[in-house]
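Order of listing sets the numbers, starting from 1, for every ligand and every atom in it. One-based numbering along the sequence shown.
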Amino acid sequence: MDALFQDRTFIVTGSTRGIGWAVARYLLERGAVVGIHGRTDEGVARACAAQAPYHGQCRPLTADFSRPESAAELVRTFVAQVGRLDGLVNNAGGGKAVAFRGLTPNQWRTTFALNLESAAWAAREAYSLMRSQGAGAIVNIASLAAHGPGKWMGADYAAAKAGLVSLTQSLAFEAARFNIRVNAVSPGFVETDLTAVLTPEMRVGLGIPLGRLARPEEIAGPVGFLLSDQSAYVTGEVLHVDGGLWMKG
Ligand code: NAD
């Protein structure tokens, strides 16, 4: 494996499984030190162990994003341990397929806390650290749902992810003069716990032009590109990684 990220340090939120785990793996394989984050100490310890033979490059981070300010604390904790932060991936997220008419204020707030507010506070902390370093990259994991109606997830999830895209662009604009790049990746459907409920018939019914769901590693590669110097002139961009669904409309 190449040493693209040798001596670089990254935080990937929600990296105990799914897309976050695959992104962490991609960075670890290329020499990075990675903050592995989840909700419980046990879950994080299991995820770090599962990153063998790279577990020595993992730094465990625990925070429950139902309290979004804990995302800023997490960034400070990591930097106190390793000394700098080259990149942040705001990946933790999720939601339920709830009809809008049944949505409660509490569900709305929970979805926003996890998918948007925690990302905002982590990004604000990272931005301030990266300014003093003179460089950095932030990648926000949005969703196809951000770019149109929330057809498969609730309106709360779609609205929070649309907010994340908007945050990406505003922060990219403000931070560019400090050599900090901010981009988003919008996955379509990926084989993770979030999509485990889809039956074979439902998968066919999605009409994905490439004919299948993505593997988590197929999201990790584009995220790695946006974190690397290979994308040194890319900022404020939203990369659709969805097998052609966005094109199809
Ligand atoms: P997943 O459910 O497999 O993993 C979610 C991760 O977020 C886990 O590590 C979990 O510990 C963490 N997390 C969840 N709630 C948390 C909380 N309250 N506090 C702290 N951490 C919490 O999900 P995934 O499919 O890998 O999704 C990763 C990201 O990609 C999410 O932001 C999701 O919205 C987005 N996404 C996924 C798909 C898909 O098809 N799987 C499609 C589009 C976007």
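Within the 4.0 Å heavy-atom cutoff, E191 does not count among the residues contacting ligand 1. Using a 4.0 angstrom heavy-atom cutoff, A47 does not count as in contact with ligand 1. Using a 4.0 angstrom heavy-atom cutoff, A63 counts as in contact with ligand 1. By the 4.0 Å heavy-atom criterion, S186 is excluded from the residues contacting ligand 1.
The shortest N/O to N/O separation between V190 and ligand 1 falls below 3.5 Å. Every N/O-N/O distance between T195 and ligand 1 stays at or above 3.5 Å. In terms of polar-atom proximity, defined here as any N/O pair under 3.5 Å, P187 makes no such contact with ligand 1. Polar contact check, L194 against ligand 1: no nitrogen or oxygen pair lies under 3.5 Å apart. Annotation: N91 places an N or O atom under 3.5 Å from an N or O atom of ligand 1; distance criterion only.
Within the 4.0 Å heavy-atom criterion, both parts of D64, backbone and side chain, lie near ligand 1. The proximity of S15 to ligand 1, defined as any non-hydrogen pair under 4.0 Å, is limited to the backbone. Contacts of Y157 with ligand 1, taken as heavy-atom pairs under 4.0 Å, involve the side chain alone.
Here the rule is side-chain contact (heavy atoms from CB on, under 4.5 Å) with T168, and of V182, V139, T235 only V182 fits it. Partner of N140 under the side-chain contact (heavy atoms from CB on, under 4.5 Å) criterion, out of L171, N90, N115, L88: N90 alone. A side-chain contact (heavy atoms from CB on, under 4.5 Å) with V89 holds for exactly one of I138, L227, I11; it is L227.
Atoms of ligand 1 found under 4.0 Å from any heavy atom of A142 (numbered from 1 in listed order, with element): 35 (C), 44 (C). Heavy-atom proximity to G18, at under 4.0 Å, picks out these atoms of ligand 1: 3 (O), 26 (O). Close contacts between ligand 1 and I141 involve ligand atoms 29 (C), 30 (O), 35 (C) [criterion: under 4.0 Å to a heavy atom]. Close approach of ligand 1 to H37 is summarised as follows: ligand atoms under 4.0 Å from at least one heavy atom of the residue are 20 (C), 21 (N). Close approach to F189 involves these atoms of ligand 1, each under 4.0 Å from a residue heavy atom: 40 (O). Each of the following atoms of ligand 1 lies closer than 4.0 Å to a heavy atom of G94: 34 (O).
The closest donor-acceptor contact from the side chain of T13 to the backbone of A92 lies under 3.5 Å. Not one N or O on the side chain of T111 forms a donor-acceptor pair closer than 3.5 Å with the backbone of Y157.
Considering CZ of F78 and OG1 of T9, their distance stands at 4.5 Å, rounded to 0.5 Å.
Under the 30°/60° scheme for interplanar angles, the aromatic rings of F65 and H37 are found to lie parallel. A parallel orientation is assigned to the rings of H240 and W246, their planes being inclined by less than 30° (bins at 30° and 60°).
Compare L198, L164, T192 by their heavy atoms: the one nearest to atom 41 (N) of ligand 1 is in T192. Summarising the contacts of atom 27 (O) of ligand 1 with I19, T16, N115, the nearest heavy atom is found in I19. Remark: among candidates S118, A22, A92, G93, the nearest residue to atom 5 (C) of ligand 1 is G93, based on non-hydrogen atoms.
R212 and E218 are joined by a salt bridge, as a carboxylate oxygen and a charged side-chain nitrogen come within less than 4.0 angstrom of each other. In summary, R109 and E117 do not engage in a salt bridge, as defined by a charged side-chain N under 4.0 Å from a carboxylate O.
What you find for I19 and P187 is that their closest heavy atoms are CD1-CG, 4.4 Å.
Atom 4 (O) of ligand 1 has as its closest protein heavy atom R17 NE, 3.4 Å. The protein heavy-atom contact nearest to atom 19 (N) of ligand 1 is F65 N, 2.8 Å. Scanning all protein heavy atoms for the shortest distance to atom 42 (C) of ligand 1 gives G188 O, 3.0 Å. Here the heavy atom of the protein found nearest to atom 14 (C) of ligand 1 is R39 NH2, 3.5 Å. Considering only non-hydrogen protein atoms, atom 6 (C) of ligand 1 sits nearest to G14 O, 3.6 Å.
Residues F5 and V33 fail the side-chain proximity criterion, which asks for heavy atoms closer than 4.5 Å. Looking at L239 and S186, their side chains never come closer than 4.5 Å, going by heavy atoms from C-beta outward.
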Test salt bridge (Lys or Arg N to Asp or Glu O under 4.0 Å) applied to D229 and R8, step by step
CA-CA 12 Å; D229 296 341; R8 304 253 180 129; 2.8 Å; yes
Worked verdict on V12 versus I36 for side chain to side chain contact (heavy atoms under 4.5 Å, CB included)
CA-CA 6 Å; V12 183; I36 305 291; 6.0 Å; no
